[in-house]
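Here is the naming used below: chain letters follow the sequence lines, and residue numbers restart at 1 for every chain.
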Amino acid sequence: MSQLNPRQREAVKYLDGPLLVLAGAGSGKTSVITRKIAHLIEYAGFPGRHIAAVTFTNKAAREMKERVGRLVDRRAARGLIVATFHNLGLTILREEHDAVGYHPGFSIFDAEDARALLRDLLAQHAPDTGLEVGDLQMTLSNWKNAMLLPDQALSRARDAREERFAVIYQHYADYLKAYNALDFDDLILLPVLLFRNNTEILEKWQRRIRYLLVDEYQDTNLSQYEMVRLLVGHRQCLTVVGDDDQSIYAWRGARPENLAQLKEDFPGLKIVKLEQNYRSMRRILSTANALIANNPHVFEKALWSELGVGDPIRILRTRNEEAEAERIASEILDHKLKSHAEFRDFAVLYRGNHQARLLEIKLQAYQIPYRISGGTSFFAKNEIKDAMAYLRLLTNPDDDTAFLRVVNVPRREIGPRTLEQLTGYARQRGLSLTRALNEMGADAHIQARSLEKLRRFADFLNRTCERLEREDTLPVIRQMFTDIEYQEWLQQNASSTKQAQRQMDNVWYLLDSLEQMNRNEDDEGEQTLEDAVSRLVLRDIMERQEEEDDSDKVQLMTLHASKGLEFPHVFVMGLEEELLPHRSSIEQDSIEEERRLMYVGITRAQRTLTLTYAAQRKQYGDVIETIPSRFIDEMPDDHVKHEGIGKADKETNQRRGKATLSALLDDLS
DNA sequence: TAATGTAGAGTTTTT
DNA sequence: CTCTACATTA
């Protein structure tokens, strides 16, 4: 407690009702949550198993768990839930699968699996309409997050496009159900629907979770909000922490209004503001404050800091995007020498992933080590998707998507023709592919030779499943990958032996993680393979490895990915109209969210902040004159210093849009 | 089944 | 321009 400031202490101690903590960037909100958990356990008499803290990312959950672990006795904390919304939803569904009509061992489709299914459905039900899967997927996700069921979506459809989507939505739901599978959104939606319809189960979970804490509350969508509301019930034992200025996921259904909504849904709501920032120098904060003041606010807050004034914010203008990338690279080297910093102290933030490409080239040229986060994830790798599909198929035989992925991997000479016949047969009888395969007779109109191959695959699956029941799971699974000669198959397809070896290592690594998960959960009793596999789909453990790799590297990431992180020296690149703010945001009139994004970027910086933009940029082939971002104008003059070619001072900015010949000549000189 | 050609798009994406 | 996804061809 003594390490907290008065406001933080107030937030930790307040237990008389629902509490909203408005926590500005860098104001120690994680400390407040972790210490509140400790306080609840040690002083307020809440056993750990009756407390749940919910976050949005695995990373945040992990960090929180770790910090609580340092504050609280392990035994007292037993049963404490610190999880993402999705993981909490999964925990609920594992226990209540019967009530929502699912079998144990249900699969979770990741975004790619869901997309593949939707692609099929789109081709089936709306061919040649020019509609796109991405659009469809996002629409369905938004509907689910808004808790609209297929029939409701259909009756509310405003045009032909939405009508078609709603029809596909229904089919999609049917298919998932038939596959005994759910998607990410279902992990929240299904528990909410269950709680609404089944008081008994709701009360059971309310008894289980007697105090609820929610992090990053501004990012909750409607279904998540509903989950919170239902779990809390009338007891009002709730603490939420959030910052409306850091809401940058509205496009994904997040509703920053949920913060204001709280006041109405919980009349006794107490509000505590955390305004002291422990992260950034004053100039950085003043700049951030000035920028965000351009947005309307429901809750006013002003961040302040006791750290020094700091250096002015530097705004660098370069000739083009190549010069921009190069300048950042050389600035980092330069800066590193002057301030004795490590590479890991630097972060370069940008709006879109493609902006990293040039930067990579330049960093390599300067021999600067870097790490890009948010690139191709471990789970996007083909060998991992194969392995996951095998695991899913073993835990859920009805998972047709997994079946189709691995039925011919490695090659079993089961081609599209055979599969088409099998699928037809299965559909006619309302069976999943595995079940169809197991009970198929001569009536299936499949060539004897193909049938033989299918049978062999079915036998293989059945034998493996049987062994899993009797023996230790992991040895059986490892053996299976050896038996199917997966490594040889990788070898055949890889461009080099080394690549194949790396891929195989990835698979072994995945299995090691699985084993580790089993061991870690020991004190909670045996974890089933089903459980472990679904936790894997929710990513969790694999990210850990990546994190532990804390070698000395410059961090490259999107502004979105930077939320929650901090770095001594931050670069934000591409401060140009149409890029930051992004063109589509200008068109959709969502400048405010872009401004928050900029705000998030600025407030990542502890000591120095450098903003860059290019005077010219290649776009779809041709070179265009850029216009400096309006956000530059919104930063106070007395804290920023303009550098680089063509003096991008206020005058130039005011000529925005009118690139004159003289300005061009200026630049060239 | 692999290899090559071509059209079309081109933000962010916690799970 | 450049990458990806799909289609057609060998």
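Remark: C1' of dT13(B) and NE2 of His560(A) are 8 Å apart, rounded to the nearest angstrom. Distance CZ (Arg115(A)) to P (dA5(C)): 9 Å, rounded to an integer number of Å. Tyr599(A) places its OH atom 20 Å from the C1' atom of dT12(B), with the value rounded to the nearest Å. Straight-line distance from the CG atom of Asp183(A) to the P atom of dT15(B): 15 Å, rounded to whole Å. Atom P of nucleotide dT13(B) and atom CG of Asn58(A) are separated by 16 Å, given to the nearest angstrom. Between Leu88(A) atom CG and dT15(B) atom C1' the separation is 13 Å, expressed in whole Å. Taking atom CD of residue Gln224(A) and atom C1' of nucleotide dT14(B), one finds them 10 Å apart after rounding to whole Å. Atom C1' of nucleotide dT11(B) and atom CD1 of Ile591(A) are separated by 13 Å, given to the nearest angstrom.
A stacking contact links His582(A) to dT11(B): the aromatic ring centre lies within less than 5.5 Å of the base's six-membered ring centre, and the planes differ by less than 30°. The aromatic ring of Trp251(A) stacks onto the base of dT12(B), its centre lying under 5.5 Å from the centre of the six-membered base ring with the two planes under 30° apart.
Distances shorter than 4.0 Å separate none of the side-chain N or O atoms of Asn87(A) from OP1 or OP2 on dT15(B). For dT12(B), the OP1/OP2 oxygens have no side-chain nitrogen or oxygen of Arg596(A) closer than 4.0 Å. In this structure, Asn408(A) reaches the dT1(B) phosphate: one of its side-chain N or O atoms is under 4.0 Å from OP1 or OP2. Contact check, Arg583(A) against dG10(B): no side-chain N or O comes under 4.0 Å of OP1 or OP2. At least one side-chain nitrogen or oxygen of Thr558(A) sits closer than 4.0 Å to the OP1 or OP2 atom of dT13(B). Taking side-chain N and O atoms only, Asn353(A) has a distance below 4.0 Å to OP1 or OP2 of dT12(B). Between dT15(B) and Arg535(A), no contact under 4.0 Å exists linking OP1 or OP2 to a side-chain N or O. Neither OP1 nor OP2 of dT14(B) sits under 4.0 Å from any side-chain N or O of Asn221(A).
Residues Phe567(A) and Phe346(A) keep their aromatic ring centres 6.0 Å or farther apart. In this structure, the ring of Phe403(A) has its center less than 6.0 angstrom from the ring center of Phe457(A). Not less than 6.0 angstrom separates the ring centroid of Tyr169(A) from the ring centroid of Phe165(A).
Comparing dT13(B) with dT4(C), their P atoms sit 16 Å apart, to the nearest whole Å. Nucleotides dC1(C) and dT12(B) are separated by 22 Å at their P atoms, to the nearest Å.
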With side chain to side chain donor-acceptor pair (under 3.5 Å) as the test, would you mind laying out the steps for Asp399(A) and Ser107(A) before giving the verdict?
CA-CA 7 Å; Asp399(A) 191 335; Ser107(A) 294; 2.6 Å; yes
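Comparing dT15(B), dA5(C), dT11(B) by their closest approach to the side chain of Thr57(A) singles out dT15(B). Comparing atom distances between the Ser585(A) side chain and each of dT13(B), dT11(B), dT15(B) picks out dT11(B) as nearest. Closest contact between the side chain of Arg357(A) and the listed nucleotides dA2(B), dC3(C), dC6(C) involves dC3(C).
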Table please: side-chain donor-acceptor pairs of residues 556-563 of chain A below 3.5 Å, with sequence neighbours left out.
{"from": "Thr558(A)", "atom 1": "OG1", "to": "Ala561(A)", "atom 2": "N", "distance (Å)": "3.0"}
{"from": "His560(A)", "atom 1": "NE2", "to": "Ile248(A)", "atom 2": "O", "distance (Å)": "3.2"}
{"from": "Ser562(A)", "atom 1": "OG", "to": "Leu559(A)", "atom 2": "O", "distance (Å)": "2.7"}
{"from": "Lys563(A)", "atom 1": "NZ", "to": "Asp219(A)", "atom 2": "OD2", "distance (Å)": "2.3"}

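A cation-pi geometry, defined here as NZ or CZ lying under 6.0 Å from the six-membered ring centre and within 45° of its normal, does not hold between Arg115(A) and Phe109(A).
Between Phe56(A) and Gln588(A), it is Gln588(A) whose nearest contact on DNA chain B lies nearer the 5' terminus. Place Glu413(A) and Lys563(A) on DNA chain B by their nearest nucleotides, and Glu413(A) ends up nearer the 5' end.
For residues 136-149 of chain A, proximity to DNA chain B is found at no residue, defined as any non-hydrogen atom under 4.0 angstrom from a strand atom.
In this structure, Phe85(A) reaches neither bases nor backbone, as no heavy-atom distance under 4.0 Å exists between it and the strands shown. Within the nucleic acid shown, Asp185(A) has no heavy atom closer than 4.0 Å to any nucleic acid atom.
For the side-chain hydrogen bond (donor to acceptor under 3.5 Å, both in side chains) with Asn295(A), the lone residue among Glu593(A), Arg595(A), Glu592(A) that qualifies is Arg595(A).
Ion pairing between a basic and an acidic side chain is recognised when a charged N comes within 4.0 Å of a carboxylate O; Glu66(A) and Arg62(A) show no such pairing.
The salt bridge (Lys or Arg N to Asp or Glu O under 4.0 Å) check on Glu226(A) picks up Arg196(A), Arg229(A), with sequence neighbours excluded.
Judged by atom type and distance alone, Arg252(A) reaches the base of dT15(B) through a side-chain donor-acceptor pair under 3.5 Å. The base of dT11(B) sits with one of its N or O atoms less than 3.5 Å from a complementary donor or acceptor on the side chain of Ser584(A).
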